[in-house]
Amino acid sequence: SDALADAPRAGEVGAPDAASDAGPTRVRDPNALAGGLAGLAPPGKDVNVSMVLRIDHMRTHPLAPEVAPLLMRIEQWRPFFEHTGLEPMRDVDVLYTFGPKFRETSRVTAVVVHNRDDALFSTVLDGVMGRLGGTPIGAPEVRAWRVTLDKAPRVFVQLPSGLIITPPDGEKQAIAIARKLVEKRRSARALVPKGDPDLLVGLMLRTPANPLGGIPKDLQDAHVTLRMKKDGGLAGDIDARAKDEASAKADVKVIDDWIEDRVPGGPIGFFIRPYVDGYKVESAGNLVRAHHELDGDQVDAVGKFVLKHLR
């Protein structure tokens with residue numbers, strides 16, 4: 001089928017996570033929050049994690065100027081930003097990624113949406129591919145390369161106002177998507193949803209117990225969102241499906257204990273406790289839900305402490 005024809009348009013979302021006969025309303029997953037960008041992703045095999053990162057929203061946060069230099073230090077991003085004149089906080093609007101697991105970067109697909117002129121971005125890509133030893137594929141009307149990155153083969157396909165980075169088995173689909181965008185004179189940026197201006201991160205974890213040891217293993221399909229508050233604070237929501245309603249109720253106690261076990265005692269715990277207090281974990285049918293918020297002053301204090309130790 002035509003992925004672009006089937007994809008939601010800008011301002012719309014994918015399949016809603018609304019209440020239905022299947023159960024209560026859920027936290028929206030990254031595929032819904034990515035809107036039309038989901039139609040740009042080559043079909044993924046064994047997708048256990050996916051994430052949408054709204055850098056265009058992040059740059060409006062008071063801590064954005066201090067976070068920006070740290071983004072430049074992400075190892076996988078360095079080839080695109082070192083000595084290129086591009087900056088991720090300023091020039092990238094959205095990053096939509098998925099794969100079996102994020103630490104296995106060779107199997108992760110990424111759709112990048114930028115706000116720079118396509119001619120400038122093409123020049124930057126030429127330089128990056130030259131330094132990485134990329135081989136042009138030579139697809140008609142589409143600029144694409146095969147390259148080795150992180151010691152694994154990858155394929156880079158340029159889109160109007162975007163880029164797809166995919167494992168080799170996504171090459172054919174990625175080039176077809178890029179060609180369709182060119183033919184229809186549409187840009188990746190036009191597919192970015194215009195709603196949810198407070199959204200920073202949407203995340204899906206198929207089995208949250210894998211990255212989070214101690215979480216009940218019956219929990220599946222976790223949806224996570226992190227949103228900005230008007231005072232510069234943050235609000236986080238997560239839900240996951242338990243085996244059944246009874247399991248969900250039991251899992252609430254396990255997760256409460258899991259959180260409390262991670263708050264140290266003594267003087268350090270005394271300072272951490274105000275940032276932990278106020279979280280809520282509850283069940284609704286077979287869902288386990290958690291919610292927590294930090295106000296602007298708390299986020300500013302935590303952010304500056306963390307940033308100081310990461311510099």
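Residue numbers count from 1 along this sequence. The structure displayed is predicted, hence computed values, not measured ones.
- Judged purely by atom type and a 3.5 angstrom limit, Gln298 uses its side chain to pair as donor or acceptor with the backbone of Asp295.
- A distance of 6.0 Å or more separates the ring centres of His291 and Tyr279.
- Side-chain N or O atoms of Thr84 include none that pairs as donor or acceptor with a backbone N or O of Val124 at under 3.5 Å.
- Atom CG in Leu294 sits 10.0 Å away from atom CG in Asp231 (nearest 0.5 Å).
- With hydrogens and angles ignored, the 3.5 Å screen pairs a side-chain donor or acceptor of Arg59 with a backbone N or O of Arg90.
- You'll find the side chain of Lys229 stays beyond 4.5 Å of the side chain of Asp198, heavy atoms only.
- Val92 and Leu200 fall within a single hydrophobic cluster, where Ile, Leu, Val, Met, Phe, Trp and Tyr are joined by side-chain heavy atoms under 4.5 Å apart, directly or via other members.
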(message) Leu199 vs Leu33, test: side-chain contact (heavy atoms from CB on, under 4.5 Å). Steps then yes/no.
(response) CA-CA 9 Å; Leu199 178 71; Leu33 293 167; 3.9 Å; yes

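- Hydrophobic clustering (ILVMFWY, side-chain heavy atoms < 4.5 Å, transitive): Val306 and Val299 are in one cluster.
- Nearest approach of Thr97 to Ala110, heavy atoms of both residues: CG2-CB, 3.7 Å.
- Side-chain N or O atoms of Arg146 include none that pairs as donor or acceptor with a backbone N or O of Pro136 at under 3.5 Å.
- No donor-acceptor distance shorter than 3.5 angstrom exists from the side chain of Asp300 to the backbone of Gly296, with no hydrogens or angles considered.
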Candidate pair Val94 and Leu37, rule side-chain contact (heavy atoms from CB on, under 4.5 Å), full reasoning:
CA-CA 9 Å; Val94 185; Leu37 295 181; 3.6 Å; yes

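- Judged by distance alone, the side chain of Asp46 and the main-chain N or O of Pro100 form no donor-acceptor pair under 3.5 Å.
- Using a 4.5 Å cut-off between side-chain heavy atoms of Ile, Leu, Val, Met, Phe, Trp and Tyr, with links allowed through other members, Val254 and Val252 fall into different hydrophobic clusters.
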Is there a side-chain hydrogen bond (donor to acceptor under 3.5 Å, both in side chains) between Asp244 and Ser247? Walk through the geometry before answering. CA-CA 5 Å; Asp244 50 39; Ser247 297; 2.8 Å; yes

Criterion side-chain contact (heavy atoms from CB on, under 4.5 Å) on Arg28 and His223, from CA distance to verdict: CA-CA 7 Å; Arg28 291 167 66 200; His223 297 178; over 6 Å; no

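- Pro216 has its side chain within reach of Ile255: a pair of non-hydrogen atoms, C-beta onward, lies under 4.5 Å apart.
- Heavy atoms from other residues, nucleotides or ligands lying under 6.0 Å from CZ of Arg262 number more than 12.
- One hydrophobic cluster, built from ILVMFWY side chains closer than 4.5 Å, cannot hold both Tyr275 and Ile268; they sit in different ones.
- Of all non-hydrogen atoms in Asp118 and Leu159, the two that sit nearest each other are OD1-O, 4.0 Å.
- Atom CE in Met58 sits 8.5 Å away from atom CG in Leu226 (nearest 0.5 Å).
- Pro167 is listed as a side-chain neighbour of Thr109, based on a closest heavy-atom distance under 4.5 Å.
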- Query: Hey, mind stepping through Leu219 and Asp251 against side-chain contact (heavy atoms from CB on, under 4.5 Å) and telling me if it holds?
  - Reply: CA-CA 8 Å; Leu219 291 176; Asp251 290 343; 3.5 Å; yes

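- Here Leu212 contributes atom CG and Trp258 contributes atom CH2; the two are 5.0 Å apart, rounded to the nearest 0.5 Å.
- To the nearest 0.5 Å, atoms CZ (Arg116) and CG (Asp93) are separated by 11.5 Å.
- For Asn210, the side chain to side chain contact (heavy atoms under 4.5 Å, CB included) test picks out Thr207, with sequence neighbours left out.
- Without hydrogens or angle criteria, His114 side chain to Pro88 main chain gives no donor-acceptor distance under 3.5 Å.
- Between the side chains of Ser122 and Gln158, at least one donor N or O sits under 3.5 Å from an acceptor N or O.
- Within the 4.5 Å cutoff, no side-chain heavy atoms of Asp237 are placed close to those of Arg289.
- Residue Ser161 comes nearest to Ala188 through the heavy atom pair OG-N, 3.2 Å, listed as atom of the first residue, atom of the second, then distance.
- Nearest heavy-atom pair, Ala248 versus Val288, reported as atom, atom and distance to 0.1 Å: O-CG2, 3.5 Å.
- Looking only at distances, a side-chain donor or acceptor of Asp29 sits under 3.5 Å from a matching main-chain atom of Asn31.
- Contact check for Ile177 versus Ile164: side-chain heavy atoms found under the 4.5 Å cut-off.
- Taking a cutoff of 4.0 Å between a charged side-chain nitrogen and a carboxylate oxygen, Arg143 and Asp126 qualify as a salt bridge.
- Ion pairing between Arg273 and Glu260 holds under the 4.0 Å rule for side-chain N and carboxylate O.
- Around atom NZ of Lys249, no more than 12 heavy atoms belonging to other residues, nucleotides or ligands sit under 6.0 Å away.
- Here Asp56 does not pair with Arg189 in a salt bridge; the nearest charged N to carboxylate O distance is not below 4.0 Å.
- Residues Val49 and Phe98 are not in side-chain contact: their nearest non-hydrogen atoms beyond the backbone lie 4.5 Å or more apart.
- Listed by chain and residue number, Ala119, Leu120 satisfy the side chain to side chain contact (heavy atoms under 4.5 Å, CB included) test with Asp117 (two or more places apart in sequence, or in another chain).
- Atom NE2 of His61 and atom CE of Met89 lie 10.0 Å apart (nearest 0.5 Å).
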Salt bridge (Lys or Arg N to Asp or Glu O under 4.0 Å) assessment of Asp196 paired with Arg227: CA-CA 9 Å; Asp196 290 301; Arg227 297 178 182 272; 3.1 Å; yes

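- To the nearest 0.5 Å, atom CG of residue Leu132 and atom CH2 of residue Trp145 are 11.0 Å apart.
- Using a 4.5 Å cut-off on side-chain heavy atoms (C-beta onward), Leu191 and Arg186 make contact.
- For Met228 against His57, the heavy-atom pair with the smallest separation is CE-O, 3.4 Å.
- When side chains are defined from C-beta on, Lys101 does not count as touching Asn48, because their heavy atoms never get closer than 4.5 Å.
- Linking Ile, Leu, Val, Met, Phe, Trp and Tyr whenever their side-chain heavy atoms come within less than 4.5 Å puts Val201 and Leu71 in one cluster.
- A donor-acceptor pair is defined here as one N or O able to donate and one able to accept, closer than 3.5 Å; no such pair exists between the side chain of Gln220 and the backbone of Pro208.
- Shortest non-hydrogen contact noted between Pro153 and Pro168 is O-CD, 3.3 Å.
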